[in-house]
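All chains are named by letter (A, B, ...) in the order of the sequence lines, taking the proteins before the strands, and each is independently numbered beginning at 1. Excluded from the calculations below are hydrogen atoms, water molecules and symmetry mates; all remaining heavy atoms, backbone and side chain alike, are included.
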There are 2 protein chains.
Amino acid sequence: MPTPAPARKRRKEARPSELLAAALSLFVDKGYAATRLEDVATLAGVSKGTLYLYYANKEALFMAVIQEGIVPVLAENEEIAARHTGSSFALLEKLLEHWWSRIGCTAYAGIPKLMVAEARNFPEIAAYYYRNVIARGRALVGAALQRGMDSGEFRRLDIEQTIDVVIAPVLMLLIWDFSLGHFKDTPSDTNAYLAVHMDLMRQGLCVPRV
Amino acid sequence: MPTPAPARKRRKEARPSELLAAALSLFVDKGYAATRLEDVATLAGVSKGTLYLYYANKEALFMAVIQEGIVPVLAENEEIAARHTGSSFALLEKLLEHWWSRIGCTAYAGIPKLMVAEARNFPEIAAYYYRNVIARGRALVGAALQRGMDSGEFRRLDIEQTIDVVIAPVLMLLIWDFSLGHFKDTPSDTNAYLAVHMDLMRQGLCVPRV
DNA sequence: CAACTTAATGACTTTGGGGTCATTAAGTTA
DNA sequence: TAACTTAATGACCCCAAAGTCATTAAGTTG
């Protein structure tokens, strides 16, 4: 007796984004190599064969996940920076807030961990990510810092290093949440963490009032 | 014709550490799943069969790598903290400096990236690492911060959050070096980065002089 | 409703790599 | 130097998961 006819829907439009969401979730959780494409397909409510209808192979799927994850957030932040009037520190706050609302508190938040874990195995994807995300994000923060130093709001510091020191706690927060964060007894309070970071940065960066 | 006799040395004592060093290097570079035990063995100058003489399976090798990586550095830092007299900020500097000399600039520097990437796949190893490394490191920094706040040297801030904000740039530095760091045009200057971090922390943490 | 197009399936093939073990040879002992 | 112990080897087994494709059925057209 042949298997009873399974109910299968034809939804050509919706498949790619559903497959990407499933792949992102599993890649972030287990890592690239330990993720089975059959599991990705199942999580997307589809068979493995269908996945190959939309993505040529596992690496193409990975690349698509990363590209999708970039979204227009960088462009939006560049727009915010261009329009900004007010203190340079307020600009840093705005950038962080927007980035958080569009990446930090979404499923895309897992991408930094994924990219960090797989950068060495996929140098071309990593280079693409570096150019289109990291470099642009660093440029935004760097410009805000430069503006603040020029206006006398910030102390003069090595800009290139300061960019990385300012960004690190934010990136680390995401990476943490997707890795060792669960082993802490007391649940971490994201807002309090970011508040302390900005508090330390405000006093750390700004020229002390005499 | 049988293969000519290969020259093989018997070095029972040296094998384990050589295997661990090779495994650490490849695990950090490629990740756990993408690392082949045959490559680990080859890098250690030994055959795959020999590896199994010393470690029961791949996961046991991974666990050994993590345990080995802990070394007595935490204990040493606890000792440093206990003996310390002087400002609390100077204590933070001492802890960082010792940790850097014993972990940050050695092969063990790759362990944070490895642990972050694999925590979800090996919850028991991750829990072990959390208890024996993370928790103790956080306690050290937390005690230094508490001491500084009690003495009036530091501002009063949420200690738990501040611990993580202070540690994040240091961890991120290591993770960076083993992942996306290579894609930056200008080579990063570790000393300058740490100097800026400590500079920002000093002014950010300390009570402003009136 | 018959003929046709194509989204979707899942059984099948293939392969890379984890793990085993019979064999070999380095070193030791009498 | 013969007999013995054990470190080391690598050919082999086996399975899980990537990737394929003949078949099925959902939807469309006339």
Between [atom2] on [N] and [atom1] on [X], what's the gap in Å once rounded to a whole number?
| X | N | atom1 | atom2 | value |
| --- | --- | --- | --- | --- |
| B:Arg10 | C:dT28 | CZ | C1' | 9 Å |
| A:Glu13 | C:dA7 | CD | P | 10 Å |
| A:Lys9 | D:dG27 | NZ | P | 8 Å |

Quick check on contacts: within residues 45-61 of chain A, what sits under 4.0 Å from DNA chain C by heavy-atom distance?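 Those residues are A:Val46, A:Ser47, A:Gly49, A:Thr50, A:Leu53, A:Tyr54.
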
Of the residues in residues 24-38 of chain A, which ones touch DNA chain C at a heavy-atom distance under 4.0 Å?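 Here the set is empty: none.
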
Looking only at non-hydrogen atoms, find the nearest pair between A:Leu157 and A:Thr162 and report the distance.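 What the structure gives for the nearest pair is CB-OG1, 3.5 Å.
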
Check this one for me: any side-chain N or O of B:Arg15 less than 4.0 Å away from OP1 or OP2 of D:dA8?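 So the side-chain polar atoms of B:Arg15 do come within 4.0 Å of the phosphate oxygens OP1 or OP2 of D:dA8, strictly under.
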
Does a side-chain heavy-atom distance below 4.5 Å link A:Arg102 with A:Tyr108?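 Not touching, per the 4.5 Å side-chain cut-off.
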
For A:Phe154 and A:Phe89, take the angle between the two ring planes, folded into 0 to 90°, and tell me which bin it lands in: parallel under 30, tilted 30 to 60, perpendicular over 60.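 If you compare the ring of A:Phe154 with that of A:Phe89, the planes turn out perpendicular.
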
Testing B:Arg131, B:Arg136, B:Arg138 one by one against B:Ile134 for a side chain to side chain contact (heavy atoms under 4.5 Å, CB included), which residue passes?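 Of the listed options, the one satisfying the test is B:Arg138.
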
Review item, side-chain donor-acceptor pairs of residues 23-39 of chain A, under 3.5 Å, at least two apart:
{"from": "A:Asp29", "atom 1": "OD1", "to": "B:Arg120", "atom 2": "NH1", "distance (Å)": "2.6"}
{"from": "A:Tyr32", "atom 1": "OH", "to": "A:Glu59", "atom 2": "N", "distance (Å)": "3.3"}
{"from": "A:Thr35", "atom 1": "OG1", "to": "A:Leu26", "atom 2": "O", "distance (Å)": "3.2"}
{"from": "A:Thr35", "atom 1": "OG1", "to": "A:Gly31", "atom 2": "O", "distance (Å)": "2.7"}
{"from": "A:Arg36", "atom 1": "NE", "to": "A:Asp39", "atom 2": "OD2", "distance (Å)": "3.1"}
{"from": "A:Arg36", "atom 1": "NH2", "to": "A:Asp39", "atom 2": "OD1", "distance (Å)": "3.1"}
{"from": "A:Arg36", "atom 1": "NH2", "to": "A:Asp39", "atom 2": "OD2", "distance (Å)": "3.0"}

Crowded around A:Glu97 CD? As in, over 12 foreign heavy atoms under 6.0 Å?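 Result for CD/A:Glu97: open.
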
